[in-house]
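Working notes, structure below.
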Amino acid sequence: MNFLHQEFEAGPDDLIEVTLDGQANVMLLDSPNFESYRNGLSFKYYGGLAKVSPMRLAPPHEGRWHLAVDLGGHGGTIRASMRVLRGADALR
């Protein structure tokens, strides 16, 4: 399985901004769900198919998060960048 991955700390006052150069699946996962994703098991995530860029996601609680970006099994390449907008910066 090919995917892009970034790990970080964030909480509900933050926004995760993902910039893509095309359409892709953008998934925000906690650690147990990321392990399930990597192992091809059932998992839960926040996000979905990003058709416009940038996409912004808000973590529902404080913790360690994983951002995974993939093409859903389709061929091709994708470039992505991610940044965490902290607290007041997330409102801009």
Side-chain angles (χ1 to χ4, degrees):
M1 170 189 313
N2 291 323
F3 62 91
L4 303 175
H5 172 247
Q6 183 75 37
E7 186 174 355
F8 52 91
E9 295 281 337
D13 293 335
D14 304 321
L15 283 178
I16 312 309
E17 184 177 82
V18 184
T19 304
L20 304 163
D21 69 349
Q23 289 187 32
N25 295 319
V26 176
M27 297 168 284
L28 182 63
L29 307 108
D30 60 16
S31 293
N33 280 295
F34 179 67
E35 285 305 311
S36 293
Y37 167 75
R38 283 186 41 200
N39 291 314
L41 304 172
S42 180
F43 62 95
K44 294 183 181 180
Y45 65 94
Y46 300 91
L49 178 61
K51 294 183 178 183
V52 295
S53 180
M55 179 180 197
R56 289 185 171 181
L57 301 167
H61 58 81
E62 191 73 35
R64 184 155 245 8
W65 291 94
H66 299 264
L67 184 79
V69 177
D70 72 28
L71 296 174
H74 298 284
T77 59
I78 189 78
R79 287 188 305 196
S81 64
M82 184 278 297
R83 67 181 181 151
V84 179
L85 302 172
R86 303 278 180 197
D89 289 340
L91 300 175
R92 295 182 193 165

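Side chains included, hydrogens not; waters and symmetry mates left out as well; all remaining heavy atoms used.
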* Any Leu71 side-chain heavy atom under 4.5 Å of Ile78 side chain -> yes

* So which heavy atom on Phe3 is nearest to which on Ala68, and how close? -> CD1-CB, 4.3 Å

In a table with atom names and distances, give each donor-acceptor pair under 3.5 Å that connects a side chain of residues 16-24 to protein atoms at least two apart or in another chain.
residue : atom : partner : partner atom : Å
Glu17   : OE1  : Arg83   : NE           : 2.7
Glu17   : OE1  : Arg83   : NH2          : 3.0
Glu17   : OE2  : Arg56   : NE           : 2.9
Glu17   : OE2  : Arg56   : NH2          : 2.8
Asp21   : OD1  : Arg79   : N            : 2.9
Asp21   : OD2  : Arg79   : NE           : 3.2

* Measure from the side-chain N and O atoms of Asn33 to the backbone N and O of Lys44, and report whether any donor-acceptor pair falls under 3.5 Å. => yes

* Structure fact -> Which of His66, Arg64, Glu7 passes side chain to side chain donor-acceptor pair (under 3.5 Å) with Ser31? Answer is His66

* Spatial distance of atom CG (Leu15) from atom CE (Met55) [nearest 0.5 Å] -> 12.0 Å

* **Side-chain donor-acceptor contact under 3.5 Å, Tyr46 with Asp30** => no

* Apply the test side-chain contact (heavy atoms from CB on, under 4.5 Å) to residues Phe43 and Leu29: give CA-CA distance (whole Å), side-chain angles for both, the deciding distance (0.1 Å), then the verdict. => CA-CA 9 Å; Phe43 62 95; Leu29 307 108; 3.5 Å; yes

* Any chance you could lay out the side-chain contact (heavy atoms from CB on, under 4.5 Å) test for Tyr37 and Met27, step after step, and finish with the verdict? => CA-CA 10 Å; Tyr37 167 75; Met27 297 168 284; 3.6 Å; yes

* **Point-to-point distance, once rounded to the nearest 0.5 Å, from CG of Asp13 to CG of Leu85** => 12.5 Å

* To do: Could you label the plane-to-plane angle of the Phe34 and His5 rings as parallel, tilted or perpendicular, counting under 30° as parallel and over 60° as perpendicular?
  => parallel

* Asked: Got Phe8 and Leu67 here, is their nearest side-chain heavy-atom distance under 4.5 Å?
  -> yes

* To do: Kindly give the heavy-atom pair with the smallest separation between Ser36 and Ser42, and that separation in Å.
  => CB-O, 3.4 Å

* Closest heavy-atom pair and its distance - Ala10, Arg86 -> CA-NH1, 3.8 Å

* To do: Kindly say whether Gly11 contributes a backbone atom to a donor-acceptor pair with the side chain of Asp14 at under 3.5 angstrom?
  => yes

